[in-house]
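Here is the structure we will look at.
Predicted model, so just to flag it, every value in this text is computed and none were measured. Residues take their numbers from the sequence shown, with the count starting at 1.
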Amino acid sequence: MRKLCFNPKTPSFALARNSPSSPQSLISSPTPPRLSFSEPGSVVDEDTFMEEAEAIILKWNPDSSAYAKVTSLFYEDKSEAKHYINCVNQLHQTMHSLISHSPSSHKLVLAHNLMQIAMKRLKKEFYQILCMNRAHLDPESVSARSSRTSANSSSSDCDDDFAAEDDDIRVAGDSITEVEQVSSGAMADLKLIADCMVSSGYAKECVSVYIIIRKSIIDEGIYRLGVEKLSSSRTNKMDWEVLDLKIKSWLEAVRIAVRTLFNGERILCDNVFSYSDSVRESCFAEISRDGASLLFGFPELVAKTKKSSPEKLFRVLDMYAVASELLPEIESIFSSDYNSAVRSQVLTSLQRLTESAQFLLTEFESTMQKDSSKTAVNGGGVHSLTIQTMNYLAILADYVNVLSDIFPREWLPLPKSSSLPESYLYSPESDYSASMPALTVRMAWLILVLLCKLDGKAKHCKDVSLSYLFLANNLWYVVARVRSSNLQYVLGDDWITKHEAKAKRFVANYEKIAWGEVASSLPENPAAAEARAVFENFNLKFEVAYRKQNSFVVADRELRDEIKGSIARSIVPRYREWYNALLASVGSVRDLTVREIVTFTPQDIENYLANLFFFGTSSSSVSSSSVTSSPLRRWS
């Protein structure tokens, strides 16, 4: 028996969808080359073939055989199933021959009736195989054992399919599981039936069964992944916490859906309907359309919601990142014109996410601008606006790759004329230039807006030294937050260096205003004749300054130690000189003169300065009681 080879010509799906109702209608399907049906090497005439064909087809006719009604051809005997398929293919060829040479022959009517019976049988077998192997043909198993490339390049030779499948199962033996063996066998059987039915012009009957079974698997898979159908109105009515949970669920589901569910169904469909490109693509489009629309339409719903939450921007960026990452795979799986709507939905969702992210970032800036609090934090500490803004920007910097896509330079409409305070140290021109990346420009601008808001709050401080300490505290926090996050890579070392220098200038101004008079109260050249006046002046200045500055706060330990060290270096050495000079002139610390004019020893000064900027601690205040209880006072 010669090998069965299908004609490579692919029937149009438009024709395949119309089942032949008469012998003449079969002329629309392709004509495979003629072959012998009996034993290999033998040639039989049409009468003999028709008898053999009628015998095997009627044997498996469920309407005339109780045995055929309850027995599966493909599960009962694979060699018989192979024999049956070969018979049907040969019958199709015979019908083409009869139509060409004897269109009025009674054999054509018989052949047509037998073909109808055979197609009904194969449709039933196709349905049974799909149903009985539902678990073995799950997308995860299929995607794990196959690839679309191998499916597309597989031979359409049904004899080779049987032999290769049997050999694969025998040879693989120890390397594949029983489930994979069953899956491979089922896929081969489905492909054999589909090839036969499609080539015979019965694609519609075959595809309709496939769609019923496999579409339900995709829809069920999407549901099990936690993606449900939502309307725009329902989404808008959800609390943010509920919507946030659904977004997180979608983020986990979409990768599985694309790489396992849709990819597995793509592979299975390609394998089963490899005979016809149009049938394959239209069938996959039909089974995947609803599930894909539901899955890939969800980001658009989220983007359109009017929910306002600080976390929404990050969720939008998460969805954009995942969708962008999966886009090449989505375009590969849904590559045909039949799936253009799916690809269009994905691109639309990406566009809506882009627009939403741009709007949310603009809204974030607007919220900063509208901050109405006019006072600085008590004690000049770090303002809550600074903490919230920098935490937000630090997290935002983790999305640097996504942000680079979403925020191109042409989207950056920074103000041409700034409304920022003219007296402020900062200016937009100093924070960015035309040569900088778009994301750097946007981040620098947002921090500039924050710093200018802080400058406005500092102006409402009643004490000038406090305003400088407030600015120093907050700018130092900003720089530290930039250093400890991906903002350092977005803004660059130059930005960090420049703003760190500005923070130090704020510190220098604070020290000059807060402690300048204390330091200047100690002339450089100690003279015994001036000791009383100098010490009395210093005592007064130091106590006033300390009482005021002791209520101030420096939250950052490094900055706190640096400021205290700088203040101590400007006061303690010079005070020690005067203290030692006085002792040298009178000879003893217990001298009445010393006890009358000296309130603090140099060590006392060091201790008091060391306790600065711990607002609220009992050990850090200079009160009248602490002055009278100093070591010098206790000597009397």
Would you check if Arg483 and Glu500 make a side-chain contact, meaning some heavy-atom pair closer than 4.5 Å?
yes

Please confirm whether the backbone N or O of Pro328 pairs with a side-chain atom of Ser332, one donor and one acceptor, at under 3.5 Å?
no

Got a second to check how far Ser467's OG is from Leu454's CG, nearest 0.5 Å?
12.5 Å

What verdict does the side-chain contact (heavy atoms from CB on, under 4.5 Å) test give for Phe613 and Ile563, after you've listed the backbone C-alpha separation in whole Å, the side-chain angles of each residue and the deciding distance to 0.1 Å?
CA-CA 10 Å; Phe613 311 126; Ile563 294 176; 3.6 Å; yes

Side chain to side chain, Asn550 and Tyr608, heavy atoms closer than 4.5 Å
no

Is a donor from one side chain sitting under 3.5 angstrom from an acceptor on the other, for Gln603 and Thr601?
no

Rounding to 0.5 Å, atoms NZ (Lys248) and CZ (Arg315) come to a distance of 4.5 Å

With a 3.5 Å cut-off and no angle check, do the side chains of Ser349 and Gln345 form a donor-acceptor pair?
yes

Salt bridge check, Glu355 against Arg352: does any charged N sit closer than 4.0 Å to a carboxylate O?
yes

Hey, could you give me the CZ/CG distance between Phe470 and Asp455, rounded to the nearest 0.5 Å?
9.5 Å

Going through the distances and angles, do Leu612 and Tyr546 end up as a side-chain contact (heavy atoms from CB on, under 4.5 Å)?
CA-CA 8 Å; Leu612 278 174; Tyr546 192 90; 3.7 Å; yes

With a 4.0 Å cut-off, would you call Glu329 and Arg266 a salt bridge?
no

Are Lys306 and Glu363 within salt-bridge range, i.e. N to O under 4.0 Å?
no

Looking only at atom types and distance, does a side-chain atom of Ser521 sit under 3.5 Å from a main-chain N or O of Val518, one as donor and one as acceptor?
yes

For residues Tyr575 and Phe535, establish whether the separation of their ring centroids is below 6.0 Å.
yes

Do the side chains of His499 and Val478 get nearer than 4.5 Å, heavy atoms only?
no

d(Ser288 OG, Asp219 CG) to nearest 0.5 Å is 10.0 Å

Answer yes or no: is there a side-chain heavy-atom contact under 4.5 Å between Trp250 and Val302?
no

Whether the Tyr510 and Gln549 side chains hold a donor-acceptor pair (N or O, under 3.5 Å, no angle test) is what I'd like checked.
yes

Report the distance from atom NZ of Lys246 to atom CG of Leu243, rounding to the nearest 0.5 Å.
8.5 Å

Ion pair check, Arg442 and Glu365, cut-off under 4.0 Å:
yes

Is any side-chain heavy atom of Val258 closer than 4.5 Å to a side-chain heavy atom of Phe296?
yes

Tell me yes or no: between the side chains of Thr497 and Asp494, is some donor less than 3.5 Å from an acceptor?
no

Please check if the side chain of Thr389 supplies one atom and the backbone of Thr386 the other of a donor-acceptor pair under 3.5 Å.
no

Looking just at side-chain N and O atoms, do Lys312 and Thr305 make a donor-acceptor pair shorter than 3.5 Å?
yes

Report yes if the side chains of Phe262 and Ile222 come closer than 4.5 Å at any heavy-atom pair, otherwise no.
yes

Determine whether the aromatic ring centres of Phe314 and Tyr392 lie less than 6.0 Å apart.
yes

Decide if atom CD of Gln488 counts as having more than 12 heavy atoms of other residues, nucleotides or ligands within a radius under 6.0 Å.
yes

Ion pair present between Arg547 and Glu543, side-chain N to carboxylate O less than 4.0 angstrom?
yes

Can you tell me how far the CG atom of Leu225 sits from the CG atom of Leu295, to the nearest 0.5 Å?
8.0 Å

Give a yes or no on whether Tyr468 atom OH has more than 12 heavy-atom contacts from other residues, nucleotides or ligands under 6.0 Å away.
no

Do Leu450 and Met390 come close enough that some side-chain heavy atom pair is under 4.5 Å?
yes

Less than 4.5 Å apart, any side-chain heavy atom of Asp318 and any of Tyr399?
yes

Might you work through the side-chain contact (heavy atoms from CB on, under 4.5 Å) test for Ser366 and Thr362, ending with a clear yes or no?
CA-CA 6 Å; Ser366 177; Thr362 302; 5.7 Å; no

Check ion pair Glu220-Arg224 (N to O, under 4.0 angstrom)
yes

Worked verdict on Met443 versus Leu396 for side-chain contact (heavy atoms from CB on, under 4.5 Å):
CA-CA 9 Å; Met443 288 295 191; Leu396 203 59; 3.7 Å; yes

